[in-house]
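Here is the structure we will look at.
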Amino acid sequence: MFRPVPTRPDLVGLEHELLGQWRERGTFAKLRAQNAGGPRWSFLDGPITANNPMGVHHAWGRTYKDLFQRFHAMLGADQRWQNGFDCQGLWVEVNVERDLGFTSKRDIEAFGIAEFVSLCKQRVLTYAARQTEQSTRLGMWMDWDDPDELRRLRDALAADPGQVVTIQGPNGPLTDTAEMLVGRLGHPELGGSYYTFSNENNDLIWGFLAECHRRGWIYKGHDSMPWCPRCGTGLSQMEMNEGYQDREDPGLTVRFPLVDRPGESLLVWTTTPWTLAANVAAAVGENLEYVRIRQGEASYWIGKGTLKQSVVGPFQVVESKPGSELVGWRYAGPFDDLPAVREAFAGGTRDAPDSPYEHRVVAWSEVGEDEGTGIVHIAPGAGAEDFQLGKSLGLPVIGPIDEDGRYYAGFDWLTGREAAAAAEAIVDDLERRGFFYHLAPYTHRYPHCWRCGTPLLFRLVDEWFISMGEVYDQPRETLSKEQLDASLRYQIMEVVDEIRWIPSFGYERELDWLLNMHDWMISKKRYWGLALPIYDCTACGTFDVIGGRGELRERAISGWEAFDGHTPHRPYVDEVAIACPGCGDSVRRIPDVGNPWLDAGIVPFSTLHYREDREHWERWFPADFITESFPGQFRNWFYAMLAMSTVLRRERPFKTIFGYATLFGEDGRPMHKSWGNSIEFDEAAERMGVDVMRWLYTSARPEDNILFGWHAADTARRRLLVLWNAYAFFVTYAKPAGWTPPADGRAPEAHDAATPMDRWILSRVAGLAATAEDRLLDVDPAATARLIDTFIEDLSTWYVRLSRRRFSRNADAADRDAAFSTLHTTLVALARIVAPILPFIADSMYQNLLPEDGGAAPESVHLTRWPTAELARFADPALESAMATARRVVDLARTLRGTAGLRMRQPLARLWLALPGADSAQVEQLLTLIAEEVNVKHIERIDDESSLVDRRVKPLLPKIGKRLGAAIPAVMTAARDGAFELNPDGSVTLGGVTLAPDEVEIQATPRPGTAVAHDEGLVVVIDTELTPTLRAEGDARELQRAIQDLRKDAGLDLDARIELWLEGVPAEVEPHLANVARETLADKLTRGAPAGDPGLPVTVELSGGSVRITLRSLQGGPGVE
RNA sequence: GGGGGAGUAGCCCAGUUGGUCAGAGGCGCCGAGCUUAUACCUCGGAAGUCGGAGGUUCGAGUCCUCCCUCCCCUACCA
């Protein structure tokens, strides 16, 4: 017998109950066993950073991941079910530093790199455990590690990384040091999630880098690059893009006195005063016009087009020259006395190394007049483009700042000062020494460190790159094979062509990124991350890249013992030295760690055991499906995977990529704790329930941002409650009726007593299974949710509402059983269809709807197969179409009632109905249903000849438009006016043109002046005349309704018997009273006022007079039926 | 600066290869109705110069050109 179902479900409680049950019964393990050996469906999880608890935005993507895995499992697919954690990189370091109260890299060095790296690992394990628990709470089925074991490993690592620990793997226990067990997480012998810090992951990246080196694509760049002074490291191009923010800087205009033109100065504008100490040249545009202006005693050179924006106060133009004539002028720099400047200039230029360099004006094509003075301050040591220009001219370079963004020695009073903070002091200094001209705040977009938000500086550094290859100035289709082979970027593009991008604009975006991307900067001057296996010989300049741990052991000439037994991380790996292949000198690894996207990009290889088990890799590569949030990933995870797979295999790492947008707070702003619009995952799960959350996510259009909040959740929950209540309705009536499903748990063959309504809902659910399957196969979850939503609507507001009487107090047992059987079959099918999206509600419904002993049916909805094939026999499209027409008829009738002021409770004598051809026969069987629903006694069909309708011709424009052209307006006017002639052959002549039968549609349209409504040839007319009999019947129903309301107001139970007093019942209503009493469960009915005071009376106005109603509950009174 | 997307009712937005009173859907508002599974549902209503201006066409929300606004991607602008 079914468990009772509350109409207000405790969804959260139900979720916890099922989580416990799945765990106890090992439901997920049963699913995996059941599908083992099935056709593969390869999902590759984009690693979540194990650095904090997961947020509701993660739950969006994880809902997709889980629903597609579950769906494919229902199709019988064998899957890997492997979650991934991203472990290495600066974001973990920053948090560990914060916990320790560190402010700079020196603090880490002093603390000890080994201990620091260990803390990073511990943090990852902490949050991997936490996120595992949260994901499980979301209902996400994966091959999870036991969170307690992760914490045990973490604690062992903290206590002593060298201690020997035993841990249970899928194929038995495994014993190793704590450190090495952590390094082996996710490897086949341990199973579970993959971790990008694992030995295998790091080792394969080494292999990838060695392969790049073999092809000559790895190089060391010396350049002026964006640098975060807090983190003490440079940023790659992909990281730069994350952190552009508006920022106000000082817009400082300074004067550079010209050496050979006494009294005259250049005016130069900069937003970074700290770079003035590194000034080497002033650039002008050769083709721009420059003028000399006079202001009082002073005389300035400035771009003519910049006068308005740059000059302060009145001035006089006294002279004009093209920029080309300014080139070569010498000027006095603002910090020429600094030792660092003197020293740099002493070496002269590349072309004239013997004579000391002096500041001068140079030509630069990039100079413009939109901002500044048209004369650009050039500091090759403190700006990327400045560096390029300086390099091309062979100018000296002054690198003013160190890792922490402080001035080096040699900068006098500036030395040791933070460059960014020195602006004010520099302005004061310049003012004092006569270099100052003007200062105004200036707001612009400026790059910031994406991790810590610090404004970036440009700094001279050596970094390591993978060359992405030339950009050819020609269309991609015209490239020769040689050009292609020489340029990695175009090879990646070819791989991109082979991938299905959803939404489709992703394809263009990725190509656009690939075309414009710079070389991949892979080095980072930090501690926790991939140890770059680059060995750069200081003696001879040769460098080599080691392709794996094995190769390192072979090549090691010292330090191996210090590294052996450790994961490939700093500091231990740094100890190993190899012999330089160039000069034989002993060479150590460069201290840099790797770009973290290398870690995530290698997973199509590392997690599939590319090296250890090629057969396994071939079975699962390429992945069928990945899904991640679009923003950022084109240049991050997608890009890294594409680049690495192209280098290693020159083939696609995944076949389909499904992207989704960004999650914001309900107010449309990013979620921010201090803005009060932030919702934690745990809170959301326990307050709204995860099925509600999953429904909200699944329903969302993936390319649009989600505005997430409690209101949105309420909307989603409302939809689910409708589903729940259809189910609760079934159980409410099936229990007392003693109806039970067939023991085998299978849907019955069509029931003999099945009504058109039964056959309709079964056809609908069969169609739902097929269309939802189709939408999910096509990766369209939002459309799937819409289909389900519409179905729930149909089930609740049409099938259940109209069939209600068949379930309770139905004298016809066969009809009642047909209804139960139909609704049961429908609900079980629906539970299976929603199972991937709503795993909890679905399983709760399914299990409760199972036959008493379970029969042959699987014990959980998640062990069932997708039901399309089983339901196919119920499909009846013609009936569905007819039902749609019937529903439209009901709508039209309701409209007419509203217009005529006739309540639904008032029965009407007749309804006339004209149907367009197609559904006519099918609708015939629905006439009774329509009559009941619109409360009319008879329905009469009317045809074209009826006096109630006119015929109207609707020319089918798409068909005739091309043929008729300019004649169209005349034809349409004729059609509208009804000026047409029907020909015997079915053709129609109008507006002087004859249209073939298939070029027009003949529709019925109401003749003006009748009480009718119409829609696309459907015409409904109601008989508004009320006979006394009809009125009495209407009054009876009105009375009945009033009594029911009173019962509800009195808070009576559904089956409570009552005693009823009625005063003033009109004589015409008398014949109906027995029926009223039956419907309202009134055992005693008295005409007249009650003696005593049983309850508050109400008065209802009937057409025959007003009636006063009083009732009282009869506890356990005798039944009447 | 370059590339892409979007602008349709108070709000979120559908709108196919151009096809005739501009509307699928959701939220909200107003009115009415229905209802002891569903504080739910149904019907109706108000409300829009389809961002602006031209053009192509018998016909443009849809195609073309220019302009305005917003968003995203991208960029070395001091």
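First the proteins, then the strands, lettered A, B, ... as listed; each starts at 1. Since we're looking at a predicted model, the values are computed, not measured.
- Nucleotide B/G1 has B/U74 as its partner under the Watson-Crick or G-U criteria, with both atom distances under 3.5 Å.
- Residues A/Leu827 and A/Phe729 fail the side-chain proximity criterion, which asks for heavy atoms closer than 4.5 Å.
- For A/Leu956 and B/U20, the CG to P distance is 10 Å, given to the nearest whole Å.
- With rounding to whole Å, A/Leu723 atom CG is found 16 Å from B/C41 atom C1'.
- Nucleotides B/U65 and B/G48, compared at atom P, are 31 Å apart to the nearest Å.
- Only the P atoms considered, B/G26 is 30 Å distant from B/C72, to the nearest whole Å.
- Straight-line distance from the CZ atom of A/Phe634 to the P atom of B/U74: 10 Å, rounded to whole Å.
- Across all strands shown, B/A6 forms a Watson-Crick or G-U wobble pair with B/U69, both key distances being under 3.5 Å.
- Taking atom C1' on both nucleotides, B/G45 is separated from B/G54 by 37 Å, rounded to a whole Å.
- B/U20 and B/A37 are spaced 44 Å apart, taking the P atom of each and rounding to whole Å.
- Between A/Tyr660 and A/Tyr697, the ring center distance fails the sub-6.0 Å criterion.
- Straight-line distance between the C1' atoms of B/A60 and B/G19: roughly 10 Å, to the nearest whole Å.
- Using a 4.0 Å heavy-atom cutoff across all strands shown, A/Val268 reaches no nucleic acid atom at all.
- A straight line from CD1 of A/Ile1022 to C1' of B/C43 spans 13 Å, rounded to a whole angstrom.
- Per the geometry, CG belonging to A/Leu267 stands 18 Å off P belonging to B/A78, to the nearest Å.
- Nucleic acid contact for A/Glu793: sugar-phosphate only, since backbone atoms but no base atoms lie under 4.0 Å from a heavy atom of the residue.
- Using a 3.5 Å distance cut-off with no hydrogens or angles, the side chains of A/Gln309 and A/Thr306 do not pair a donor with an acceptor.
- If you look at A/Trp513 and A/Phe638, their ring centroids are not closer than 6.0 Å.
- Residues A/Phe387 and A/Phe458 keep their aromatic ring centres 6.0 Å or farther apart.
- Checked for salt-bridge contact, A/Glu1079 and A/Arg1037 miss the test: no charged N lies under 4.0 Å from a carboxylate O.
- The partner of B/A24 is absent, by the rule that a Watson-Crick or G-U pair needs both atom distances under 3.5 Å.
- In this structure, A/Phe807 has its ring center closer than 6.0 angstrom to the ring center of A/Phe820.
- You'll find the side chain of A/Glu463 reaches within 4.5 Å of the side chain of A/Trp227, heavy atoms only.
- Without hydrogens or angle criteria, A/Asp249 side chain to A/Gly251 main chain gives no donor-acceptor distance under 3.5 Å.
- Between A/Phe664 atom CZ and B/C12 atom P the separation is 15 Å, expressed in whole Å.
- Rounded to a whole Å, the CG atom of A/Leu457 is 17 Å from the P atom of B/C76.
- Checked against a 6.0 Å centroid threshold, the rings of A/Tyr331 and A/Phe256 count as neighbours.
- Rounded to whole Å, the P atom of B/U49 lies 16 Å from the corresponding atom of B/G23.
- The separation of B/A47 from B/U8, taken at their C1' atoms, amounts to 13 Å, rounded to a whole angstrom.
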Find every protein N or O atom lying less than 3.5 Å from an N or O atom of nucleotides 69-73 of chain B, and list the pairs.
from  : atom 1 : to       : atom 2 : distance (Å)
B/C72 : O2'    : A/Arg509 : NH2    : 3.1

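- Rounded to a whole Å, the CG atom of A/Leu515 is 13 Å from the C1' atom of B/A75.
- Between the P atoms of B/A6 and B/C63, the separation comes to 9 Å (whole Å).
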query = For nucleotides 35-40 of chain B, read 5' to 3', which letter fits each nucleotide if B means a protein heavy atom sits under 4.0 Å from the base, S means only the sugar-phosphate is that close, and - means neither?
reply = BBBBB-
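- Side-chain contact check for A/Leu252 versus A/Leu276: some heavy-atom pair is nearer than 4.5 Å.
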